Amino acid sequence: MSTRRILAMQDVIKRTPVELNHPKKQVSEYYGSNVFGIDAMREFLSEEAFNSIQNSMNQGTIVERKMADQVAACMKAWAQSKGVTHYTHWFQPLTGTTAEKHDGFFEPIGGGRAIERFSGSQLVQQEPDASSFPNGGVRSTFEARGYTAWDPTSPAFIWGNTLCIPTIFVSYTGEALDFKTPLLKSLGALDKAATEVCQFFDKNVTKVIGTLGWEQEYFLIDAALYNIRYDLQQTGRTLFGHAPAKGQQLEDHYWGSIPERVLAFMKDFEYESHLLGIPVRTRHNEVAPAQFECAPVFEEINIAVDHNQLLMDVMEKVAMRHNFRVLLHEKPYAGVNGSGKHNNWSLATNTGKNLLSPGKTPKTNLQFLTFFINTVKAVYEHADLMRACIASANNDHRLGANEAPPAIMSVFLGDSLNKILDEIEKSVGDKKLSPEEKTALKLSIGKIPDILLDNTDRNRTSPFAFTGNKFEFRAVGSSANCAGAMTVLNAIVAEQLQNFIKDVEGLMSSKKLEREDAIFQVLKRYITESKKIRFEGNGYGDEWKAEAKKRGLNNIATTPGALEFFISKKSIGLFENLGILNHREQEARYEIYLETYTKKIQIESRIMADMVDNQIIPAALNYQKVLVDNVSGLKNILSAADFKKASETQISLIREISERITIIKNASDSMTNERKKANNLDSAKKQAHAYCDKVKPFFDTIRYNVDKLENIVDDATWPLPKYREMLYLR
Ligand code: ADP
Ligand code: MG
């Protein structure tokens, strides 16, 4: 074993669970204590300032500058009472992670003294130099300023010694440079359209919010092993590694007993999350060895997104205390499952109703069906955009890999709802329903809640499934910012609901129909039109690929292909009409995503060549030398006949090593060459396609041969921690 690997394994063997010294209290006693939430606001703000913030949170009104000064002073007082010394505008640039620049509260006042100060203007706006964040050419360098602006709808929080203020991030000319800005706009559009539709059924509804409950999957690895796997460090995934004898085939990991060391880590990050008001509640082992999941209680989408971004950061930091590293990559290991982040999505009204939960009366069930069918129709209309919004170099490894939803977009409804939709389609005609027909239809709709109650069918292979009272977008990647997927889903449903209102009102006036009859007729038409997107079978099977092709559904395997749909006429129109992103912003995003893709593959390709040259080939040559020495030794002491027999296997190993080294080296050199060619192409689009089609294919050849060498070469010589070492945690 290479010295580094021996030392790392010695560390791993000695590990014990890290002792926690959390207060032995119920969660409710400390939950949210590091959040400037309602309780802290009540305690620290004047009534006037408190009301101003509450209005801003609930109605989106602007907090006046005078109030902002007061809020800032109180936030500072609250934070100082907890030992905080710095503050930061916390935002979500298009890198996918979060950004923060800490500034001290203190200000020198001359005479060698200083005071702590935090003003309203510092709270409300900052001007980071935005030229170092991805901007897709939106901001030319002479206008390098961008600014962050306070989002009062997501509460400030304390992480470490820093007060973090959630903000949006826009260019000086007002274009969005982050995930939060379009998300907030999409939520506004959704609220408006959904509230208007609710008015058809219930006049008390004046606000609709989107809700999100994510499920975060991740892997853990011992830090000592991580530290000597350069591929994991630099790309988040293992570029090499032979599958272990025992992977996930015994299916003994899912919901299995959680290892002690892991449990200590989970308790620790859950504790930190609860201080931050992140409602994580569920923890369990996932399917692959060393893979786990955590899930919170759902929240309003903007807050849920912030909480997920924050949680990923908290997990990574807490993991270090436990000598673990968290792998949030979608596919850290080949041959075992990858990680996703299911986005459970629904709509809730100010009257406390979940719009995707069937009600007790036929009327509320018609409301449920309205939102349900419109969502299906929206996904049908924008299936390719849904595919685009989950595309990334990482997620390409997972989608369609017989463990994760396929790259074909479809919707799973479950048996009972399919039947109801079929019934509506059959019984509603172009003419007004007779009173008897209507009663019969309403009766069957009235049965929905009972049917759903015992409807336990679950289809794990669908990218977008209805699961009783919410839709579950399963194709989102584990490292993704949920805002990307949520912005698209909110937008397409908002647009669809707008169309629904137009269609219903159109029928009411053209055919002189009562509203309810018009609703039935429009829903019936949507059911018929969007049938193609409904699929109940096995999404992992090859039959589905063939069937989807027949239906004309796209199966877009790679990110560069999928990203095209961000800038299709249809998508640009969608975002522009709803005022979420203009075409420049959308095109800039497209460029950024392409560049990110290219850079990721470029880094993988470079580190691969690096490891091949510096670690793998030298290790293989060392072992080959042992064999060669042995064979020459045998030749000296054995008769020709005995030598032939004794050396045969070794000579074939020597040959195999040479052959594989040659293949690896040639592939690696050709790959480097293709990289050079790709780098010289003149557009982000061409580069991304070249990296995808010309550079990436070499990965398979190289990896295949390296993994064969791993099997041949003496374990003592092999430089990299093996899958069997990395995947098993005590
Ligand atoms: P499963 O693994 O079977 O999908 P989990 O219990 O792990 O179920 O996750 C369910 C997720 O759905 C949780 O994150 C939960 O908060 C979320 N959820 C439940 N109801 C809603 C809702 N109305 N809106 C959004 N998310 C919801
Ligand atoms: Mg789920």
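For clarity, every value in this text was computed on a predicted model and none was experimentally measured. Counting starts at 1 for both ligands and their atoms, following the listed order.
The only option from Tyr380, Phe535, Phe471 that meets the ring pair (Phe, Tyr, Trp, His ring centres under 6.0 Å) definition with Phe464 turns out to be Phe471.
Remark: the Asn302 side chain and the Ser154 side chain contain no N/O donor-acceptor pair separated by less than 3.5 Å. Between the side chains of Lys341 and Asn308, a donor-acceptor pair is found at a separation under 3.5 Å.
With respect to the salt-bridge test (charged N to carboxylate O, under 4.0 angstrom), the residues Arg398 and Glu217 do not qualify. At a threshold of 4.0 Å, the pair Asp252-Lys246 counts as salt-bridged, since one of the basic side-chain nitrogens sits closer than that to a carboxylate oxygen. Taking the charged nitrogens against the carboxylate oxygens, Lys419 and Glu423 have no contact shorter than 4.0 Å, which rules out a salt bridge.
Short contacts between ligand 1 and Glu472, defined as distances under 4.0 Å to a heavy atom of the residue, involve ligand atoms 4 (O). Within the listing of ligand 1, atoms 23 (N) sit less than 4.0 angstrom from a heavy atom of Asn354. The atoms of ligand 1 that sit less than 4.0 Å from any heavy atom of Lys470 are 12 (O), 18 (N), 19 (C), 20 (N), 21 (C), 27 (C).
Heavy atoms of Val297 found under 4.0 angstrom from ligand 1 belong exclusively to the backbone. The side chain of Glu293, and not its backbone, has at least one atom closer than 4.0 Å to an atom of ligand 1 (non-hydrogen atoms only; side chain from C-beta on).
By the 4.5 Å heavy-atom criterion applied to side chains, Pro23 and Tyr271 are counted as neighbours.
With atom 26 (N) of ligand 1 as the reference point, the heavy atom nearest to it among Trp345, Trp214, Phe471, Phe298 is part of Phe298. When the heavy-atom distances from atom 11 (C) of ligand 1 to Asn344, Asn469, Val280 are ranked, the shortest goes to Asn344.
Residue Leu212 has no nitrogen or oxygen atom sitting less than 3.5 Å from a nitrogen or oxygen atom of ligand 1, judged on distance alone. Taking only nitrogen or oxygen atoms, main chain and side chain alike, His342 does not reach within less than 3.5 Å of ligand 1.
Residue contacts with ligand 1 include Arg460, since one of its heavy atoms falls under 4.0 Å from the ligand. For the pair Glu215 and ligand 1, a heavy-atom separation below 4.0 Å is found.
A tilted orientation is assigned to the rings of Phe466 and Phe368, their planes being inclined by 30° to 60°.
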